[in-house]
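Working notes for the structure below.
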Amino acid sequence: MPEKPYNHEEIELKWSASWDAQPGLYQAADDGAKPRYYVLEMLPYPSGRLHMGHVRNYSIGDTLARYQWMRGFDVLHPMGWDAFGLPAENAAIKNKRHPGEWTRSNIAHMKVQLRRLGFAYDWAREVSTCEPEYYRWNQWLFLRMMEKGLAYRKISLVNWCPECATVLANEQVENGCCWRHETTPVEQRELVQWFLRITAYAEELLNDMQQIEAGWPSMVLTMQRNWIGRSEGAEIDFGLCGSDEKLRVFTTRVDTIYGATCVILAPEHPVSKQFCTGDLAVRLKAMVDDQSRKDPENLVKDGFFTGHYAVNPYNGEEVPVWVANFVLWGYGTGAIMAVPAHDERDFEFCTKYGIAIVPVIRPVDGVLAVSPTEPFTEYGVVENSGEWSGLASSEARKQMAARAKAEGFGEASITYRLKDWGVSRQRYWGTPIPVIHCDTCGVVPVPDDQLPVVLPADVELTGKGKSPLASHESFVNTTCPKCGAAARRETDTMDTFVDSSWYFFRYVDPQNESLPFDPARVAPWFPVDQYIGGVTHAIMHLLYSRFWSKVMRDIGLVSVDEPFKNLFTQGMVQLNGQTMSKSKGNIVDPDEMVVKYGADTCRLFTLFAAPPEKNMDWNESSVEGQYRFVTRIFKWVTRNADATDGSGENDARALRKLHQTIAKITSDFDNRWHFNTSIAALMELLNELQACEAGMSPAVRQECAGKLTLLLAPFAPFVAEELWATMGHAGPVFKQGWPVCDPELAREESLEIPVQINGKVRGRVNVPNGSTKEEQEQAARADDKIQSLIAGKEIVKVIVVPGKLVNIVVKG
RNA sequence: GCCGGAGUGGCGAAAUCGGUAGACGCAGCAGACUCAAAAUCUGCCGAGGUACACCUUGUGUGGGUUCAAGUCCCACCUCCGGCACCA
């Protein structure tokens with residue numbers, strides 16, 4: 001067969017149409033006949049167009065999915081849409097289009113893009129979170145959480161983004177600003193809000209990390225561990241002078257309590273308000289409202305004495321009660337005991353205001369400081385602390401907390417940085433929270449058989465004022481399911497992170513109308529074998545998903561503790577070292593790439609440019625290199641596929657490289673996913689085959705053409721399918737068996753090994769593969785050049801690493 | 001400040017277990033083909049030297065361990081990510 005020219009457009013459009021016409025092509029059999037493999041990529045927000053980050057994420061996942069098909073697994077590879085969210089509302093306001101219409105047309109376009117790129121998704125399992133068929137189960141699950149006390153309402157200070165006109169979860173606040181509006185400071189507002197009790201699972205979220213330690217990047221686990229922020233300590237009640245009330249503080253260093261020289265309250269603490277009257281009330285108000293507290297980096301410690309005193313329960317000493325801007329209301333009890341001798345912050349504060357500094361801990365091998373110039377914050381030996389003096393810090397912590405418990409003025413306690421997940425959003429385009437407010441019955445859950453609470457379509461969006469649903473009368477006005485009286489619907493919607501916290505379960509049973517999914521169908525697919533997405537979701541999405549899975553397990557829907565066995569976080573796609581973004585105007589459009597070079601080239605380039613976990617820079621001229629590679633491989637295979645001539649003197653050489661390449665790529669897949677080196681190995685193979693071509697027999701040409709096509713298939717599905725069909729084989733190519741390396745054929749007959757003298761390479765000798773140490777040493781010594789270099793010198797020793805090198809150590 | 005990760009040619013990178021540093025590709029240079037160009041093919045391509053099948057030097061900096069260090073240890077510098085008054 002003469003070589004064919006490579007026409008990417010013709011080939012890709014042809015196979016694209018063919019694959020689209022076979023809806024069952026990428027479906028999992030789900031019958032247990034083959035071992036199952038679940039490849040999951042984070043579902044996109046339907047913003048309108050795919051960006052290069054999507055292309056990279058999905059190229060990695062698709063390559064893995066196709067490889068696992070070829071390895072004989074029953075692969076589940078679904079895709080869906082994280083379709084609720086604020087951008088749809090904003091776009092609707094701007095363009096006077098309904099958010100649903102905007103979202104659905106975006107989905108339609110992006111789906112075309114995904115298909116054009118050749119990603120092998122089972123579209124029969126497509127999930128779109130803005131459809132009532134999906135979000136009714138958000139509501140159903142929310143009601144189950146209410147029943148278990150895991151969803152609750154409370155008044156609290158919450159993060160409010162004025163730009164979004166809604167509340168944000170703690171996880172959605174970055175540097176005091178909204179995660180979507182990086183320059184908009186988040187305000188604190190006191191509102192009644194719905195919360196999910198993620199803190200009830202704090203301990204489990206920490207402990208179960210050992211189940212996924214092997215399969216998750218340690219950085220993500222560390223970030224989650226820090227976010228949860230478990231801290232062991234004690235809560236201690238200080239008496240208030242002239243009152244029966246107590247003031248509770250949290251400390252991790254109760255062993256230092258004899259050094260406490262004041263108690264400090266957060267400005268928001270109720271006792272602060274109680275103690276501050278007259279002028280102090282004005283100072284307090286100013287401190288509460290002070291926006292600069294949002295920026296902890298530049299916050300200057302500031303505080304004032306309330307005029308009140310508290311009593312240290314251990315030694316009866318009276319200490320002044322202060323209010324200070326650096327004490328956080330949201331952590332611990334919102335009040336601390338200040339031990340300036342043993343805490344950096346307390347030292348800074350007390351030095352500034354001339355509060356006494358009393359050292360009570362000495363270094364294990366040192367003496368107690370007299371008038372310290374800096375705090376000693378490490379563990380040591382307790383001194384000047386009554387009966388506890390002489391104890392080691394760690395021991396004193398335990399014993400002193402036990403005493404507090406025994407005498408009723410405190411107890412050992414564990415505090416978390418993690419707070420409950422605020423899920424209320426005062427926006428339209430989200431899942432309505434399924435409760436009804438009745439004047440007589442209070443908060444009443446919507447009964448299951450009335451789900452879903454459907455978002456009304458006819459809503460006026462202005463972006464101003466309160467939640468759009470609140471002014472929709474026919475939505476708001478309803479009757480109480482309990483007493484039948486007139487009542488009002490809840491008008492807040494759920495955080496969209498609820499939607500993405502369990503969608504991966506729904507994929508397994510996406511049409512289920514009586515449950516979120518059938519537990520029996522879901523069980524065999526979990527945990528997900530491989531989850532792939534950006535590290536930006538390390539805390540929010542991944543922590544919420546872990547939490548939600550545990551709740552579903554406790555409801556009896558799921559049998560695993562952890563949803564994702566293996567997590568892979570891919571790097572960002574950048575242009576000239578900068579993140580691509582609309583505001584910077586440096587977006588590379590995948591569509592243009594596909595038109596110009598084809599999907600195969602686009603995919604190969606994203607995989608070749610860098611290992612998948614690293615950030616990669618988009619460089620158009622490098623893309624052309626991939627196009628050249630695809631063209632060369634296409635031409636080589638088409639002109640050799642049914643070759644009839646050739647001597648065969650290069651057969652062994654060609655087959656050796658072929659089988660070495662099979663081993664290399666298989667190992668890349670199984671061990672580390674460095675597809676850049678896999679593709680480099682394919683290039684090396686092609687270079688070698690071109691060099692050998694004239695001397696290859698027809699049978700070996702065909703053999704190499706076929707295997708090369710199979711090795712290429714996970715990376716460049718279109719051209720591989722075309723070549724496979726050209727060779728007259730039945731497809732699809734990604735369901736063929738993955739080539740197996742024959743170690744005999746891959747084996748090198750002789751090896752060139754370097755000969756070093758004193759660790760410097762001085763020559764190279766050829767030895768038969770499998771030579772003994774002695775044979776290698778002999779070959780090295782026999783080399784003319786080596787002989788002349790060691791002549792007359794004393795050989796101290798000779799190190800031989802079989803197949804690797806010979807190092808002769810000489811003296812003189 | 002604390003916790004991670006990284007630093008290798010002009011560029012993206014490779015070296016997976018301490019054993020030939022720079023595979024593979026991009027860009028560049030030279031040549032072949034061509035009236036010419038593009039495409040394609042061949043060769044060269046870290047730096048310095050040179051007798052060009054050779055020598056010296058070289059993986060952020062400075063030390064160390066080792067027959068041997070990009071890789072291990074100590075100290076430091078720079079960049080990226082996360083956390084950051086969490087008591």
Side-chain angles (χ1 to χ4, degrees), chain A residues 174-175 217-227 229-231 233 249-254 256 264 266 293 296-297 299-301 324-328 330-339 342-346 348-349 377 415-418 535-536 538-539 569 571-572 577 604-605 608-611 613-626 628-629 631-632 635 664 667-668 671-672 674 676-687 690 752-764 785 796-810:
Chain A
E174 294 172 356
N175 300 320
S218 58
M219 182 178 70
V220 174
L221 294 177
T222 304
M223 284 166 70
Q224 292 204 358
R225 214 171 269 129
N226 290 342
W227 187 262
R230 184 182 194 273
S231 180
V249 302
F250 174 73
T251 178
T252 55
R253 292 297 302 271
V254 67
T256 65
I264 312 179
R293 292 175 71 207
E297 202 169 343
L299 182 69
V300 179
K301 285 186 180 55
N325 60 353
F326 72 96
V327 177
L328 304 171
Y331 183 79
T333 60
I336 63 164
M337 62 179 205
V339 184
H342 303 295
D343 181 279
E344 296 277 356
R345 298 149 303 179
D346 298 346
E348 189 191 334
F349 185 78
T377 59
T415 294
Y416 300 91
R417 212 188 78 105
L418 180 72
V535 74
T536 40
I539 293 171
T569 51
M572 292 184 295
L604 279 168
F605 175 72
F608 180 74
E613 73 276 9
K614 274 189 65 176
N615 289 348
M616 63 168 279
D617 208 61
W618 191 266
N619 181 323
E620 172 119 17
S621 62
S622 293
V623 179
E624 300 200 1
Q626 294 309 308
R628 261 173 247 165
F629 168 59
T631 307
R632 283 202 298 139
K635 288 180 176 173
K664 162 72 181 156
S667 135
D668 276 345
N671 299 322
R672 58 174 205 171
H674 277 202
N676 53 329
T677 61
S678 306
I679 294 166
L682 279 175
M683 291 172 167
E684 279 189 62
L685 172 60
L686 181 62
N687 291 345
Q690 279 184 339
E752 189 192 64
I753 61 167
V755 182
Q756 300 181 332
I757 294 172
N758 290 343
K760 295 198 174 195
V761 180
R762 285 293 182 254
R764 294 179 171 83
K785 193 180 157 203
V796 182
K797 65 172 160 177
V798 179
I799 289 123
V800 183
V801 184
K804 287 283 184 188
L805 58 48
V806 175
N807 187 10
I808 302 169
V809 185
V810 298

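Residue numbers start from 1 in every chain, and the chains themselves are labelled A, B, ... in the order their sequence lines are given, proteins ahead of strands.
Closest to the A:Gln626 side chain, of the nucleotides B:U20, B:G25, B:U16, is B:G25. The A:Phe250 side chain lies nearest to B:A87 when the options are B:A87, B:G12, B:U20. Residue A:Thr252 places its side chain closer to B:A87 than to any other of B:U20, B:C26, B:A87. Among the nucleotides B:A23, B:G25, B:A87, the one closest to any side-chain atom of A:Ala680 is B:A23. Considering only the side chain of A:Thr677, B:A14 comes nearest among B:C41, B:C85, B:A14. For A:Leu299, counting side-chain heavy atoms from C-beta on, the closest listed nucleotide (B:C85, B:C24, B:A87) is B:C85. For A:Asn687, the listed nucleotide lying nearest its side chain is B:G25; candidates were B:U16, B:A21, B:G25. Closest approach to the A:Met219 side chain among B:G4, B:A87, B:U20 is made by B:G4 (side chain taken as heavy atoms from C-beta onward).
Residue-level contact check: A:Arg225 touches neither bases nor backbone, having no heavy atom under 4.0 Å from any strand. Nucleic acid contact class of A:Val327 (heavy atoms, under 4.0 Å, all strands): base. Looking at heavy-atom distances under 4.0 Å, A:Gln756 makes contact with a base. Within 4.0 Å of A:Arg230, counting heavy atoms only, lies no atom of the nucleic acid at all. Residue-level contact check: A:Lys301 touches the bases, meaning some heavy atom is under 4.0 Å from a base atom. Looking at heavy-atom distances under 4.0 Å, A:Tyr416 makes no contact with the nucleic acid at all.
Within the 4.0 Å cut-off from OP1 or OP2 of B:A53, not a single side-chain nitrogen or oxygen of A:Arg764 is found. At B:A15, one or more side-chain N or O atoms of A:Arg672 fall inside 4.0 Å of OP1 or OP2 (strictly under the cut-off). Distances shorter than 4.0 Å separate some side-chain N or O of A:Lys760 from OP1 or OP2 on B:U57. Taking side-chain N and O atoms only, A:Lys804 has no distance below 4.0 Å to OP1 or OP2 of B:U20. Side-chain nitrogen and oxygen atoms of A:Asn807 include none within less than 4.0 Å of the OP1 or OP2 phosphate oxygen of B:U20. The shortest distance between the side-chain N/O atoms of A:Asn676 and the OP1/OP2 oxygens of B:A14 is below 4.0 Å. OP1 or OP2 of B:C55 sits under 4.0 Å from a side-chain N or O of A:Lys785. For B:A27, one of the phosphate oxygens OP1 or OP2 lies less than 4.0 angstrom from a side-chain nitrogen or oxygen of A:Arg628. Look at A:Ser231 and you'll find a side-chain N or O under 4.0 angstrom from OP1 or OP2 of B:A87.
In this structure, B:U57 and B:G46 make a Watson-Crick or G-U wobble pair, each of the two defining distances being under 3.5 angstrom. With a cut-off of 3.5 Å on both pairing distances, B:U20 has no Watson-Crick or G-U wobble partner at all. The partner of B:G81, taking Watson-Crick or G-U wobble pairs whose two distances both stay under 3.5 Å, is B:C3. Across the strands present, B:A38 finds no partner; the criterion is a Watson-Crick or G-U wobble pair with both atom distances under 3.5 angstrom. Using the Watson-Crick or G-U wobble rule with both distances under 3.5 Å, B:C26 pairs with B:G10.
Under the 90° criterion around 0 for the glycosidic angle, B:C35 counts as anti. An anti orientation is assigned to B:G60, its glycosidic angle lying beyond 90° of 0. Base orientation of B:C24: anti, since the glycosidic angle falls outside 90° of 0.
Taking every heavy atom of both residues into account, A:Ile799 and A:Val809 meet most closely at CD1-CG2, 4.2 Å. The two atoms that bring A:Asp346 and A:Met337 nearest to each other are OD2-O, 3.8 Å, heavy atoms only. Closest non-hydrogen pair, A:Tyr331 versus A:Tyr416, comes out as CE1-O, 3.9 Å. The two residues A:Val327 and A:Ile264 come nearest to each other via the heavy atoms CG2-CG2, 3.6 Å. For the residue pair A:Phe605 and A:Ser622, the shortest heavy atom distance occurs at CE1-CB, 3.4 Å.
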Notebook entry, point to check: Yes or no on side chain to side chain contact (heavy atoms under 4.5 Å, CB included) for A:Glu684 and A:Lys664, after CA distance, side-chain angles and deciding distance?
Noted result: CA-CA 11 Å; A:Glu684 279 189 62; A:Lys664 162 72 181 156; over 6 Å; no
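Summarising the geometry, the separation between CE on A:Met572 and C1' on B:G81 is reported as 8 Å, rounded to the nearest angstrom. Between A:Glu684 atom CD and B:C24 atom P the separation is 5 Å, expressed in whole Å.
Using C1' as the reference atom, B:U42 and B:G62 are 46 Å apart when rounded to the nearest Å. Taking atom P in both B:U71 and B:A27, one finds a spacing of 32 Å when rounded to whole Å.
A donor-acceptor contact shorter than 3.5 Å links the side chain of A:Asn671 to the backbone of A:Ser667. For A:Gln224 (side chain) and A:Ala538 (main-chain N/O), a donor-acceptor pair under 3.5 Å exists by modelled atom type.
Along RNA chain B, the nucleotide closest to A:Ile336 and the one closest to A:Ile799 are compared, and the more 5′ of them pairs with A:Ile799. Nearer the 5' end of RNA chain B, as judged by each residue's closest nucleotide, is the contact made by A:Ala610, out of A:Ala610 and A:Trp227.
Looking at A:Lys664, its side chain comes within 3.5 Å of the base of B:U16 through a donor and an acceptor atom.
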